[in-house]
Amino acid sequence: MVPMCTNGFPTDFIWGLGTAAYQIEGGANLYGREPSIWDDFSHTPGKVRNGDTGDTACDHVHRMREDVGLMRAIGLEHYRFSISWSRVMSWDAATSQMKPNELGLQFYDELLDALAAAGIKPYVTLYHWDLPSALHKHKGGWHTPNNQGIIDEFVRYADLIWSRYAHRVAFWVTFNEPWTFTVEGYDAGNMAPGCVPFQAGPEPCANGDVNVYVVAHNVLNAHAAAAERFHNVYQPKHGGVLSITLNCEMSLPKDGGSAADAAAAERAMQFSLGWWLQPILTGEYPAVMRQNVGSRLPHFTKEESARLIGSIDVLALNHYSTHLVTDLSDRPRVRTGDGSWADDQQLSITFGVDWIPSESPWLHMYAPGLRGLLGWATAPSRWRGAVYVTENGWSARSMTAEEAAHDQVHVAYLSQYTEQLRLALVEDGVDVRGYFGWSLMDNYEWADGYSKRFGLYFVDYATQQRTPKAAALWWNATRRCIV
Ligand code: PNW
């Protein structure tokens, strides 16, 4: 038995914080970086709140050492970040392929050096939503059916990163939240590249009729192909584990619910988490998706299924909020404009009236949802191994450094959610090994620009000054292990 700390967690429990490249780095053109679909999207008028772009973001490329200092100041030992594909590789028109960019790689060499010097372990995500524009424009992106070209490019990118860093990083994530970037990016159209189905037209997804299930299919196959490479070539030599980070809101039937609402809540879980997890467990999409989506849902070949099964070493989950679900399966299907994925589920969602709303409309505080999600994901027919919560955090209402220094609601969110995590571990026996709060500092919150603040450090974007919030003090005090 591992000894317990007074905070109720095992002494070897991993407490970390996360960030993502486009959300903090800035330096959009620095070190030979080329545009990603997020540069294109954020520079398209009307797409992002206030027209905010990630051109400068938290200017992390220039302040990386200072930011490692922020980590040290709150006793951080585990840090999750992502690598910008379009900083470490550039488009080679002569060969129609991406090629390594040494200047860009050097930035990550230095970041890994700085983390090592500070005694902080790196957890690295390869793809946090920032597809190089050239691959979207010249290679069919994620949206072209059975796009072996994009899968090959992703494997080449992963291979480059592992050939440089596999001996320095022990935890790898292929894709961050494929649900979010596929549904929001290729179905609802609220995120890059901003594609919408059933709208014929040349841009931004030039095939005119983008299908979110095709996008997901390519992403799953790219994950599996890269995982195969990692497991065959790099893991035997350097060890380490690999996963894909899946996000899931917990779905519960509204008002305790009818049998129909209970079935709808289960359906919502399958459409959110099962869509990705089921192929990794069994090589097939969930039966209820096959039923509701029909011929628009692609099939895996035998070879693809075999590659997907066992493609993760640990389960990595991001979780923020819970949904109350009402069944709509007896109503005629209508296009709501939220994309085909939302319609295909045949349900509607609300939040509990007594759940505290955050600054982000999709995020309400209901901490037991985290315990429920961990239970759902690790039920006997599902994942049986180690689990990491790779993101969890609060979109704060405090909008100045002074307010944030006293933001007890933010602290309440973190302490209630980590208490539910402890219950899942200690009472339910879920093999949770780690928890990564989102985020180290306020950053570019995608289509919401800089209007939403998830950081433990407040960032004043005019001066780039970082100030610890109440949540940072809580983190430092509570998460230190006293035996
Ligand atoms: C995640 N939803 O995004 C991302 O991984 C982060 O980059 C992001 O900053 C963070 O969570 C906060 O948003 C999500 O609508 C975006 O349910 C939207 C949803 C969930 C997660």
Side-chain angles (χ1 to χ4, degrees), residues 16-25 36-38 41-42 48-49 52 54 57-58 60 80-84 123-130 173-192 219 243-251 268-269 271-273 275-276 316-325 338-339 341-342 345 349-351 355 357-366 369-370 373 388-396 410 413-414 417 436-457 459:
L17 292 173
T19 62
Y22 191 68
Q23 294 183 274
I24 67 164
E25 284 183 359
S36 77
I37 55 174
W38 264 99
F41 187 78
S42 65
V48 175
R49 173 103 49 126
D52 290 344
C58 303
H60 175 68
R80 172 175 179 246
F81 64 93
S82 81
I83 292 177
S84 162
Y123 296 69
V124 178
T125 302
L126 296 178
Y127 188 88
H128 204 121
W129 307 357
D130 43 1
V173 169
T174 52
F175 290 90
N176 178 72
E177 296 198 354
W179 175 87
T180 312
F181 78 80
T182 60
V183 171
E184 297 293 343
Y186 298 83
D187 200 26
N190 300 320
M191 287 185 173
V219 169
S243 194
I244 178 170
T245 277
L246 305 177
N247 61 303
C248 193
E249 320 297 60
M250 183 63 195
S251 285
M269 295 302 289
F271 266 82
S272 303
L273 184 53
W275 187 8
W276 314 94
L317 294 173
N318 289 2
H319 174 78
Y320 288 88
S321 192
T322 291
H323 293 158
L324 296 179
V325 173
D338 291 337
W341 178 87
Q345 297 183 90
I349 57 163
T350 52
F351 300 97
W355 303 352
S358 75
E359 188 68 12
S360 299
W362 54 270
L363 202 180
H364 293 233
M365 193 188 303
Y366 181 71
L370 175 57
L373 169 65
Y388 289 78
V389 175
T390 33
E391 277 179 36
N392 174 245
W394 182 245
S395 184
H410 189 184
Y413 180 95
L414 294 171
Y417 273 74
F436 289 77
W438 184 268
S439 173
L440 172 66
M441 57 187 151
D442 294 338
N443 56 51
Y444 183 73
E445 178 58 7
W446 307 112
D448 285 324
Y450 298 101
S451 71
K452 305 286 180 281
R453 296 177 170 275
F454 282 80
L456 261 57
Y457 281 90
V459 176

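Start at 1 and go down the list; that is how both ligands and their atoms are numbered.
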N247 versus T180, side-chain donor and acceptor atoms under 3.5 Å: yes

Spacing of CH2 belonging to W355 relative to OH belonging to Y366, to within rounding of 0.5 Å: 6.5 Å

Parallel, tilted or perpendicular, as decided by the 30° and 60° cut-offs, for the rings of F271 and W341: perpendicular

Write out each pair where an N or O from ligand 1 and one from the protein are under 3.5 Å apart, with the distance.
unit_1	atom_1	unit_2	atom_2	d
ligand 1	3 (O)	E177	OE1	3.1
ligand 1	5 (O)	H128	NE2	3.4
ligand 1	5 (O)	N176	ND2	2.9
ligand 1	5 (O)	E177	OE2	3.4
ligand 1	5 (O)	E391	OE1	2.9
ligand 1	5 (O)	E391	OE2	2.9
ligand 1	7 (O)	Q23	OE1	2.7
ligand 1	7 (O)	H128	NE2	2.8
ligand 1	7 (O)	W446	NE1	2.9
ligand 1	9 (O)	Q23	NE2	2.9
ligand 1	9 (O)	W438	NE1	3.1
ligand 1	9 (O)	E445	OE1	2.6
ligand 1	11 (O)	Y320	OH	3.1
ligand 1	11 (O)	E391	OE1	3.2
ligand 1	13 (O)	E445	OE2	2.5
ligand 1	17 (O)	E249	OE2	3.1

Whether Y444 and Y22 hold their rings parallel, tilted or perpendicular, with breakpoints at 30° and 60°: perpendicular

Plane angle bin for Y417 and Y413 - parallel if under 30°, tilted between 30 and 60°, otherwise perpendicular: parallel

Nearest heavy atoms of Q345 and A268, plus distance in Å: OE1-CA, 3.5 Å

